[in-house]
Amino acid sequence: MAWAGFIIAILAQYIGIYTLEEPLYVKGYYALAGAFLIVACLVLQKTIRDNEEDRLHMNAAEEFES
């Protein structure tokens with residue numbers, strides 16, 4: 001369900017940019033900014049997930065040593 005919402009949001013964003021009545025360089029600027037935002041969100045999500053997994057493994061290792 002999360003992936004469907006993500007894809008719908010991306011499609012809506014780029015359809016909006018495509019139908020925008022501005023010069024091509026403005027559309028390109030918005031499209032690039034949107035692409036960077038998407039990549040930043042994916043990297044942030046992965047970093048948060050990896051940090052959480054590391055924290056869980058550290059806790060499990062500490063409990064095992066005790």
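Nearest approach of K27 to E22, heavy atoms of both residues: CE-O, 3.7 Å.
Using a cutoff of 4.0 Å between basic side-chain nitrogens and carboxylate oxygens, R49 and E52 are not scored as salt-bridged.
Looking at heavy atoms from C-beta onward, E53 lies out of side-chain contact with L56 at the 4.5 angstrom threshold. L42 places a side-chain heavy atom less than 4.5 Å from the side chain of F6. Taking the side chain as every heavy atom from C-beta outward, N51 and R55 never approach each other to under 4.5 Å.
L37 contributes atom CG, which lies 10.5 Å from atom CG of L44 (distance to the nearest 0.5 angstrom). One finds the OH atom of Y25 at 10.0 Å from the OH atom of Y30 (value rounded to the nearest 0.5 Å).
Residues I10 and W3 share a hydrophobic cluster, clusters being chains of Ile/Leu/Val/Met/Phe/Trp/Tyr side chains in contact below 4.5 Å.
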